[in-house]
Amino acid sequence: MISLAHNALYHWYAQNGRHTLPWRITTDPYSIYVSEIMLQQTQVKTVLEKFYFPFLERFPTLNDLAHADVDDVLKMWEGLGYYTRARNLHAAARQCNGILPTNANDLIKLPGIGQSTAHAISAFAYRESLPILDANVKRILHRYFAVKERNENKLWEYAYKLFDPSTPFDYNQAMMDVGATICTPKKPLCACCPFERWCQGKSSPLEYPMAKTKTQKPIRLRTIIVYQRENSYALTQRRTRFLSGLWGFYESEELADESLKYLGEVTQHYSHFTLQANVYLNKESILPEGFEWFDLDEIKKLSLSRADHKVIAQIVGDQKTYHH
DNA sequence: AAAACGTGGTC
DNA sequence: TGACCAAGTTT
């Protein structure tokens, strides 16, 4: 009986829930919105310790965000990844005219808000009676209903089947807590799970969901050239889909001129490929097309990818070597 | 509709 | 240490 499972869930949640998460305590819809975007494909720890509070301090309201420069938004997002989220958040703030929609049906029209995020914001900020379907809930549903197949649409059906429409806030929060702390991917703690009596997958939880077919990530070999003039370096703002809006050094598929000084290798693992780049220093050349000069202090004000920060580290390291 | 999209945590 | 994974959405 599902209502018994709900009772077990709420009892567990009262004792073991993560009740101090700031976006769970606040009643400000905008803060909840920001948290939901930051938390997409991102662990709670990262958002909590590095990004949530600084972002809200810099952009306290939806209106502040709407009137901000998108480059400043990207700077606050630097290091968080999936930068389209930041640009969509900013674009959405402008579309809203300072007023966040108060239901999922309208929230989902905003860029960067899909069904699960729309339901999450609406359930948490406005108590709208809708289930969410994040990675935590998905894993619980796969196991609870013994479903091996990864099928988004079917999973939504199960999400509604297990949902408790009477208390959407607590239900959704509790589900995420169970998924994050009990029904974990590798070593689920079934003995402590509130759903243990009803879970159809408890005898072999690791079979649910079916393991992904692992295709190995391709390696992209690249050459990065740091153009230097006195204390300044050449950077360009990327307009490609990848890392769009972020600043970076000159990068190409060509081998570097052998006369250039070799600084070292930079490796960066991305979601769908691994970047392996050889980094060179060029002090003789003019500024490449589309690039601008920045000294190290000015670079600090720009938003750079992790890989380009590794290049900076090599430049600084090279300078220290040179001066000794 | 499969692939693109970042980074760090974890074991 | 490398592979998997994380409060998913967009194209």
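Here is how names work: the chains are called A, B, and so on, in the same order as the sequence lines, proteins then strands, and each is numbered from 1.
For A/W23 and A/Y52, the ring centers sit closer than 6.0 Å to each other. Aromatic rings of A/F195 and A/W12 (six-membered ring for Trp) have centroids beyond the 6.0 Å cut-off, not under it. The six-membered or imidazole ring of A/F273 lies near that of A/F242, with a centre-to-centre distance under 6.0 Å.
Side-chain proximity of A/S271 to the nucleotides B/dC5, C/dA7, C/dC5 is greatest for B/dC5. Checking C/dA7, C/dT9, C/dA6 against every side-chain atom of A/Q43, the shortest atom distance belongs to C/dA6. In the set C/dC4, B/dG9, C/dA7, the nucleotide with an atom closest to the side chain of A/L39 is C/dA7. The side chain of A/T117 lies closest to C/dG8 when the candidates are C/dA6, C/dT10, C/dG8. Considering only the side chain of A/Y83, B/dT7 comes nearest among C/dT9, B/dT7, C/dA7. Of the candidate nucleotides B/dG8, B/dC5, C/dA7, B/dG8 has the atom lying nearest to any side-chain atom of A/K50. Comparing atom distances between the A/F242 side chain and each of C/dA7, C/dT9, B/dG6 picks out B/dG6 as nearest. You'll find that the side chain of A/V44 is closest to C/dA7, out of C/dG8, B/dA4, C/dA7.
Residue-level contact check: A/A135 touches the backbone only, with heavy atoms under 4.0 Å from sugar-phosphate atoms and none from bases. Across all strands shown, A/S35 has no heavy atoms under 4.0 Å from either base or sugar-phosphate atoms. Heavy atoms of A/R87 sit nowhere under 4.0 angstrom from any nucleic acid atom. At the heavy-atom level, A/L133 lies nowhere under 4.0 Å from the strands shown. As judged by a 4.0 angstrom heavy-atom cut-off over every strand, A/I113 is placed among residues touching the sugar-phosphate backbone only. A/L246 comes within 4.0 angstrom of no nucleic acid atom, judged by non-hydrogen atoms across all strands.
Looking at A/E253 and A/R220, no side-chain N of the basic residue comes within less than 4.0 Å of a carboxylate O on the acidic one, giving no salt bridge.
As rounded to the nearest Å, B/dG6 and C/dT11 have P atoms that lie 13 Å from one another. For the P atoms, the distance linking C/dA7 with B/dC5 amounts to 23 Å, nearest Å. Look at the P atom in both B/dA3 and C/dC4: the space between them is 16 Å, to the nearest Å.
Following rounding to the nearest Å, A/W156 (CH2) and C/dG8 (C1') show an atom-to-atom distance of 10 Å. Remark: C1' of B/dG8 and CH2 of A/W77 are 16 Å apart, rounded to the nearest angstrom. Remark: C1' of C/dA3 and CZ of A/F273 are 18 Å apart, rounded to the nearest angstrom. With rounding to whole Å, A/I37 atom CD1 is found 15 Å from C/dA6 atom C1'. A/Y171 places its OH atom 15 Å from the C1' atom of C/dA7, with the value rounded to the nearest Å. Rounded to whole Å, the distance from OH on A/Y52 to C1' on C/dA7 is 13 Å. The distance between atom CG of A/L189 and atom P of B/dC11, rounded to the nearest whole Å, is 11 Å. Nucleotide C/dT9 holds its P atom 17 Å from the NZ atom of A/K109, rounded to whole Å.
Between A/H272 and B/dA3 there is no side-chain polar atom (N or O) within less than 4.0 angstrom of OP1 or OP2. Dashed line: the shortest gap from a side-chain N or O of A/R85 to OP1 or OP2 of C/dT9 is not under 4.0 Å. Of the side-chain N and O atoms in A/Q41, one or more sit less than 4.0 angstrom from OP1 or OP2 of C/dG8.
Using cut-offs of 30° and 60° for the angle between ring planes, the A/F163 and A/Y160 rings count as perpendicular.
Side chains of A/N278 and A/Y262: a donor-acceptor N/O pair is present below 3.5 angstrom, by distance only.
A residue-by-residue look at A/Q115 and A/R139 shows that A/R139 has its nearest nucleotide of DNA chain C further toward the 5' end. Summary of the strand contacts: A/K45 and A/R241 both lie near DNA chain B, and taking for each the nucleotide with the nearest heavy atom, the more 5' one is attributed to A/R241.
At a cut-off of 3.5 angstrom, the base of B/dG6 holds at least one donor-acceptor pair with the side chain of A/T42.
Geometrically, A/K148 engages A/Y208 in a cation-pi contact, judged by NZ or CZ lying under 6.0 Å from the ring centre and within 45° of the ring axis.
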